[in-house]
Amino acid sequence: MLDPSLLKNDIDNTAEALVSRGYNLDVDAFKALEGRRKEQQTLTESLQAMRNARSKEIGRAKAEGEDIQPLLEEVAGLSDKIKQAEAALNQILVELEDLQSAIPNLPHESVPLGKSEDDNLEIRRWGESKPNPFKPKDHVDLGQKLGLIDFDLGAKLTGSRFVVMKGAVAQLHRALIQFMLDLHTDDHGYTEVNVPYLVNSESLYGTGQLPKFEIDLFAVNSDPQYYLIPTAEVPVTNFVRNTIVDESDLPLQMVAHTPCFRSEAGSYGKDTRGMIRQHQFEKVELVQIVKPENSYDALERLTGHAEKVLQLLELPYRVVVLCTGDMGFGAAKTYDIEVWLPGQERYREISSCSNLEAFQARRMAARWRNPESGKPELVHTLNGSALAVGRTLVAVVENYQQEDGTITIPDVLRKYMGNKKIIK
RNA sequence: GGAGAGGUGGCUGAGUGGUCGAAAGCGGCGGUCUUGAAAACCGUUGAACCUCGCGGUUCCCAGGGUUCGAAUCCCUGCCUCUCCGCCA
């Protein structure tokens, strides 16, 4: 949600800034609706004020033993009028809310202009893909040859875009999770949290998935309706929904490992091969709740925390800053980290680190008390994958493959795998 | 699943249907005192929205209802706690 005062007082500039990310705000419709709101609110509140004053008078008159009948007659019908006015106002407020909750965040000034991922800007690379003396296989072939990654079984149990990992690959998957959690808690100062995988619609509204992106979610047939989380960002960021955080508790830095569930509506035929795009995958997610003045420093650090995982795994990667047209709905600025996949001979997204500024905080009413103003003010929220576990596993398998199809286990993971050195 | 109790400001906790946005205490902030601190004392201290301002509106878990008027009465839902049953 954008600052409503931007829409009320500076809507033309705001609309222009939104165009850069491909969103066309209907300025005239908004202005008209906002005008109606103002008018109806003034009317409603003056009727309410009248009722309050008269009711007080009646109370006083009754206490003094006066005849209140004339006063009662005077307010007859007022109550109905107020109800009508309130209903009309609520109708307008709902329309305004619908409109406002569908508007994406404004991009930060440092974000490059662009229309699609082709306009994203690479800002650094780390590591080099080892020149292979043999033609590298992709993780599907490798996994099948080892008999440890079974897509057919996943499809039998559930359907397409599900997978079963077995034996040492399942163990590698678990080792990656533990390695990442230990790194972020021990070295980067995050608090590990374990959270629900089902959330309510309020939480999804708070982080921006609802109401606009319901189609991307899996819903559970429950009453009230619950949804499977598409990312740990949802439950963890919502820790601070409707709360005023103590200044001394900021920044909040939390790390969670969860499964993530995505319907992948609209990506039919995309990445159908392999584990890159699954309906269910696991992720280690970083979330920070910070003072506004610190949020861009925090974004750099958070991105660095995600990069550190790849560095320790010695996986080559690059960092790109997303252009205005390619950013997610709530993001003001996003860095994607892309890992080198020899099987595809290209970099693929393995992490996305975003500063949402006050966009989610406003939807969530997540605030802190600023001692300078003495007032509650909105916090800034950030999140980033560190990392997507399934894709990291793919990267390890493909980058550490040997000519005979076996996989060397990265040094930092061996202690989590009984000091095993190789998967064969 | 059965029986009961309860949800009020940062926290604890009062609140006969009518100056209640709400007593009191704690905490926070400011001050007096003190070499400094503590203690004591005095004052102050919820949020959102409308308005240049005066001021106004809304909010006592949520949503409905009764009433001229609801924190207070009624209905529904959600959540918490206690006891019983079941259960990983």
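Chain identifiers are assigned alphabetically (A, B, ...) following the order of the sequence lines, protein sequences preceding nucleic acid strands; residue numbering begins at 1 within each chain. Hydrogens, waters and symmetry mates play no part in the numbers below; they use all other heavy atoms, side chains included.
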* Could you tell me whether the side chain of A:Leu7 reaches within less than 4.5 Å of the side chain of A:Phe30, counting heavy atoms only? => yes
* Can you sort out which residues in residues 236-253 of chain A have a heavy atom within less than 4.0 Å of RNA chain B? Ascending by number, please. => none
* Structure fact -> B:C83 -> Watson-Crick or G-U wobble partner, both distances under 3.5 Å, gives B:G2
* **Nucleotide forming a Watson-Crick or wobble pair with B:C20, both distances under 3.5 Å** => none
* Asked: What is the base-pairing partner of B:C59, counting Watson-Crick and G-U wobble geometry with both distances under 3.5 Å?
  -> B:G46
* **Whole-angstrom distance between B:A5 and B:G18, as gauged at atom C1'** => 30 Å
* Please list all pairs passing the salt bridge (charged side-chain N to carboxylate O under 4.0 Å, His left out) test where one or both residues lie in residues 159-181 of chain A, with sequence neighbours left out. => A:Asp150-A:Lys166
* **ring pair (Phe, Tyr, Trp, His ring centres under 6.0 Å) partners of A:Phe179, counting only residues at least two apart** => none
* Structure fact -> By nearest-nucleotide position on RNA chain B, the 5'-leaning member of A:Tyr226 and A:Arg367 is A:Arg367
* To do: Not counting sequence neighbours, list each pair that qualifies as a ring pair (Phe, Tyr, Trp, His ring centres under 6.0 Å) and has a residue in residues 282-301 of chain A.
  => A:His108-A:Tyr296
* To do: Would you indicate whether the side-chain heavy atoms of A:Leu204 and A:Leu217 approach each other to under 4.5 Å?
  => yes
* Sequence neighbours excluded - salt bridge (charged side-chain N to carboxylate O under 4.0 Å, His left out) pairs with any residue from residues 412-424 of chain A -> A:Asp411-A:Arg414
* Asked: Taking the same atom, P, in B:A71 and in B:U19, what whole-Å distance lies between them?
  -> 10 Å
* With rounding to whole Å, what would you report as the distance between B:A14 and B:U8 at their P atoms? -> 11 Å
* salt bridge (charged side-chain N to carboxylate O under 4.0 Å, His left out) contacts in which one or both residues fall within residues 89-100 of chain A, not counting sequence neighbours -> none
* So where does chain A start and stop touching RNA chain B, 5' to 3', when the test is distance under 4.0 Å to a non-hydrogen atom? -> B:G18 to B:G69
* Determine which nucleotide pairs with B:U72, using a 3.5 Å limit on both distances of a Watson-Crick or G-U wobble pair. => none
* Asked: Taking atom C1' in both B:G27 and B:C11, what distance in whole Å separates the two?
  -> 7 Å
* Considering only the C1' atoms, how many Å lie between B:G13 and B:C33, rounded to the nearest integer? -> 32 Å
* Does any nucleotide pair with B:A38 by Watson-Crick or G-U wobble geometry, both distances under 3.5 Å, and what is it? -> none
* Is there side-chain contact between A:Ile229 and A:Pro235, with at least one heavy-atom pair below 4.5 Å? -> yes
* Asked: Considering only the C1' atoms, how many Å lie between B:C73 and B:U66, rounded to the nearest integer?
  -> 8 Å
* Asked: With sequence neighbours left out, which residue pairs that include part of residues 274-300 of chain A fulfil the salt bridge (charged side-chain N to carboxylate O under 4.0 Å, His left out) condition?
  -> A:Glu247-A:Lys291, A:Glu264-A:Arg277, A:Asp271-A:Arg277, A:Lys283-A:Glu285
* What pairs meet the ring pair (Phe, Tyr, Trp, His ring centres under 6.0 Å) rule with one or both residues in residues 201-223 of chain A, with sequence neighbours excluded? -> A:Phe213-A:Phe329, A:Phe218-A:His279
* Look at all strands and tell whether A:Lys62 reaches a base, only sugar-phosphate, or nothing, counting heavy atoms closer than 4.0 Å. => base
* To do: Using the C1' atom as the reference point in each nucleotide, state the distance between B:G55 and B:A62 in Å, no decimals.
  => 31 Å
* **salt bridge (charged side-chain N to carboxylate O under 4.0 Å, His left out) partners for A:Arg369, two or more places apart** => none
* Asked: Quick one, which residues of residues 42-60 of chain A touch RNA chain B with a heavy atom under 4.0 Å?
  -> A:Glu45, A:Gln48, A:Ala49, A:Arg51, A:Asn52, A:Ser55, A:Ile58, A:Gly59
* If you measure from the P atom in B:G10 to the same atom in B:A23, how many Å do you get, rounded? -> 14 Å
* Who are the side chain to side chain donor-acceptor pair (under 3.5 Å) partners of A:Gln311, not counting sequence neighbours? -> A:Tyr317
